[in-house]
J.: 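Here it is, the structure, as structure tokens.
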Amino acid sequence: MSLPLSDDDKFHEECGVLGVWNAKDAAALVALGLHALQHRGQEASGIVAMGEGGQFRTHKGLGLVGDIFGDAKVMAGLPGRAAVGHNRYATTGETAIRNVQPLFADFEFGGFAVAHNGNLTNAAQLRRALVRRGCLFQSSTDSEVFVHLIAISLYSTVLDRLIDALKQVQGAYSLVALHNGALIGARDPLGVRPLVLGRLHDSWVLASETCALDIVGADFVRDVEPGEIVIIDDNGVQSVKPFTAAPERFCIFEYIYFARPDSVVEGTPVYDTRKRIGAELARESHVEADLVVPVPDSGVPAAMGYASEAGIPFELGIIRNHYVGRTFIEPTDQIRHLGVKLKHSANRPALEGKRVILVDDSIVRGTTSKKIVEMVRQAGAAEVHMRISSPPTTHSCYYGIDTPDRAHLLAAQNDVAAMAKLIGVDSLAFISLDGLYRALGRPGRNAANPGYCDACFTGDYAIPLTDWPANEEQRTKQLQASL
Ligand code: SF4
């Protein structure tokens, strides 16, 4: 079984999705795209391919995409010109092959496969109602409610059944679905999670991020819009918007950390945005220092922006070992403690005697930050200042990101001065919320209509948390009990 080696003190994107229509060996393109989306989920992957005569074939496994789909025999078993795929990082449902997506069901209209990125906030309530009606759930993932809602829908077309299902769910979803007439992509009305449309000659591709289009050589066409359903068949792409329009709430954390830096998200290159966030951070929290050092890899673009704005040299003072596998040995407490040292090493000649500004994208529990600071001090740094390219993460995410409960979020329990002490730095500063919005081209955060989901920094949950108690304290207890 795969287990993360270190405590990897980050929020984790839950999933990546991909769909291909009208391509020779569609499953091979999906496997390549899933490989590019590996950062969105490393626990398991699956592909459902549709062959001649609407025959569906599935292959799923636990582990990394290359391990699951690297075997030519596996790919030969997934023939067809359309396929959908999914990478998973579990937050809902235990680790088990039955929870690996795409989910597939045989309906009266034929086979139907669906892959979901996001998290439904009324799935438990819907599931109870569906079970009372006699639906037999095969997995413990929230996404299975889509399948049962489609099964019991009284509408006749696949599209109408899907719309009927989507109108009953609450939460965040970007999904790709496949039946023998079409490939379908859909985003929730607030557009919390990303989904893009690309084109490769006569083929169409739907993917969580543009980096998956790049790897298969597809051109970016456009983002699927919030609340939009795209239906791709041999006549091209149709679009329907069956929901009442709502103010958009794209996940702001995609810009800070989740998306790959070479992706273009909602029309904005992630790499440039991260550099702008770093520059804004430098303007807000300048400190005299000799070096700006990124915490690799995710802190690199923000550190570049910080260094350039502050006029302080950028140096790779921490080297990341890329060959530490995620699967290693059972992480005993002792190994867990060593984790960060296996992953990161201090570049002693660069750090010795220097006043160092460490730039990272977030502090979640603070465990990794503490170890990195210790390591930099042991390498001889004269001062260690930490700058974070997100505001303090004070709340849990219920929209598809794996987060600890509030009791374990360092910023939920401590102010900045206390956090600085716990981590062991000479100074600590986070980008302000307004600063983050400025880096995204806005004048600041407009509380009445922020335009992004930023609930993990503000507690402003735009989608009801129906399955969770209204009271924050009870919600934390429930989340704790479910972990
Ligand atoms: S709560 Fe945070 S991580 Fe979750 S969707 Fe909103 S911004 Fe993204």
Side-chain angles (χ1 to χ4, degrees), residues 8-17 39-41 89-92 116-123 142-143 169-175 187-195 208-209 223 226-227 246-260 263 265-266 268 270 273-274 277 298 360-365 388-406 408-412 430-437 439-440 442 445-447 449-468 472 475-476 479:
D8 202 5
D9 188 21
K10 296 282 180 198
F11 276 18
H12 286 279
E13 177 62 61
E14 189 183 346
C15 302
V17 295
H39 59 291
R40 298 184 78 86
Y89 184 96
T91 63
T92 310
H116 167 214
N117 172 208
N119 191 49
L120 303 180
T121 53
N122 67 339
D142 62 329
S143 314
V169 301
Q170 293 170 342
Y173 57 83
S174 277
L175 53 88
R187 276 179 86 190
D188 68 74
L190 274 57
V192 177
R193 307 250 70 87
L195 189 65
S208 293
E209 287 182 40
D223 289 284
E248 294 184 17
R249 287 295 192 112
F250 181 67
C251 169
I252 207 163
F253 226 127
E254 291 279 354
Y255 288 110
I256 297 165
Y257 172 66
F258 301 138
R260 231 171 69 163
S263 282
V265 169
E266 301 278 296
T268 309
V270 172
T273 305
R274 288 184 188 162
I277 295 172
S298 50
D360 203 354
D361 52 78
S362 55
I363 294 179
V364 180
R365 294 178 179 86
I388 304 295
S389 64
S390 65
T393 42
T394 49
H395 291 75
S396 301
C397 176
Y398 297 85
Y399 304 144
I401 301 301
D402 179 42
T403 49
D405 62 274
R406 286 196 82 203
H408 293 112
L409 290 174
L410 197 69
F430 294 78
I431 193 165
S432 68
L433 257 182
D434 282 335
L436 177 59
Y437 277 82
L440 288 165
R442 311 261 169 140
R445 184 178 193 265
N446 172 0
N449 181 14
Y452 293 99
C453 176
D454 54 17
C456 48
F457 310 127
T458 59
D460 176 8
Y461 295 102
I463 304 172
L465 305 179
T466 304
D467 288 340
W468 307 89
E472 182 81 52
R475 205 158 60 219
T476 299
L479 190 58

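No experiment lies behind these values; they were computed from the predicted model shown. Counting convention: from 1, in listed order, for ligands and their atoms alike.
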J.: At what distance is the nearest protein heavy atom to atom 7 (S) of ligand 1, and which residue and atom is it?
T.: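 Going by distance alone, atom 7 (S) of ligand 1 is nearest to C453 O, 3.0 Å.
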J.: Could you list which atoms of ligand 1 come closer than 4.0 Å to a heavy atom of C251?
T.: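 This gives 3 (S), 5 (S), 7 (S), 8 (Fe) as the contact atoms.
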J.: Which atoms of ligand 1 sit under 4.0 Å from any heavy atom of V192?
T.: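 What qualifies from ligand 1 is 5 (S).
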J.: Is a side-chain donor-acceptor pair under 3.5 Å present for Y437 with D454?
T.: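 The criterion, which ignores hydrogens and geometry beyond distance, is satisfied for Y437 and D454.
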J.: Can you name the nearest heavy-atom pair linking F258 to C251, along with the distance?
T.: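 Reported closest heavy-atom pair: CE1-SG, 3.9 Å.
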J.: Taking both backbone and side chain into account, is any N, O or S atom of C397 nearer than 2.8 Å to atom 4 (Fe) of ligand 1?
T.: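 Checking atom 4 (Fe) of ligand 1 against C397, an N, O or S atom does fall under 2.8 Å.
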J.: Within the side chain of S174, is there an N or O that forms a donor-acceptor pair under 3.5 Å with the backbone of R187?
T.: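 Side chain of S174 to backbone of R187, a donor-acceptor pair under 3.5 Å: no, none is there.
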J.: Against heavy atoms of R193, which atoms of ligand 1 measure under 4.0 Å?
T.: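 Numbered from 1, ligand 1 contributes 5 (S).
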J.: Out of curiosity, F457 CZ to I256 CD1, how far, rounded to the nearest 0.5 Å?
T.: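 Answer rounded to 0.5 Å: 4.0 Å.
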J.: Side chain of N122, backbone of V169: donor and acceptor closer than 3.5 Å?
T.: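 The answer is no, because no donor-acceptor pair under 3.5 Å joins these two groups.
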J.: Please list the nearest protein heavy atom to atom 3 (S) of ligand 1 with its residue and the distance rounded to 0.1 Å.
T.: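 Protein heavy atom with the smallest distance to atom 3 (S) of ligand 1: I401 CG1, 3.6 Å.
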J.: State the atoms of ligand 1, each with its element, that fall below the 4.0 Å cut-off from a heavy-atom position in A455.
T.: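 The list of qualifying atoms is 1 (S).
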J.: Rounded to the nearest 0.5 Å, what separation is found between the OH atom of Y452 and the CD atom of E248?
T.: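 Going from OH on Y452 over to CD on E248, the span is 9.0 Å.
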J.: I need the nearest protein heavy-atom contact for atom 2 (Fe) of ligand 1: residue, atom name and distance, please.
T.: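 The answer is C456 SG, 2.3 Å.
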